[in-house]
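Questions regarding the structure given below will be posed in turn.
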Amino acid sequence: MSVIVEMVKCACADCVCIVSAGKAVEAEGRSFCSDSCAGHHADGDGCEHAGCACHG
């Protein structure tokens, strides 16, 4: 039996976003919802998705 994962939680610890596996930003072997999360919020920017207040 095989399982196809279509949605994954952003790998940013503070982020609450769920992202499509095909649209995720891949970094360090993990899936993120945005470049900000993938870059560990180096500029202090959040992911800017509605309802999420992550800033790393």
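In what follows, residues are counted from 1 in the order of the sequence shown.
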Checklist outcome for this item: Scanning both residues in full, the closest heavy-atom pair of Ala38 with Val25 reads CB-CG1, 3.8 Å

Checklist entry - Relative to the ring of His55, is the ring of His41 parallel (under 30°), tilted (30 to 60°) or perpendicular (over 60°)? => result tilted

Item to check | Side chain to side chain, Cys47 and Cys12, heavy atoms closer than 4.5 Å | outcome: no

Next on the checklist: How long is the straight-line distance from NZ of Lys23 back to CD of Glu6, given to the nearest 0.5 Å?
Outcome noted: 12.5 Å

Item to check | Value rounded to 0.5 Å, distance of CG in Asp35 from SG in Cys37 | outcome: 9.5 Å

Checklist outcome for this item: Tightest non-hydrogen contact, residues Phe32 and Cys10, listed as CA-SG, 3.7 Å

Checklist entry - From Cys17 SG over to Lys9 NZ, what is the distance, rounded to the nearest 0.5 angstrom? => result 8.0 Å

Checklist entry - Between Glu48 and Ser34, is a side-chain contact (heavy atoms from CB on, under 4.5 Å) present by the stated rule, with each step listed? => result CA-CA 9 Å; Glu48 299 180 5; Ser34 67; over 6 Å; no

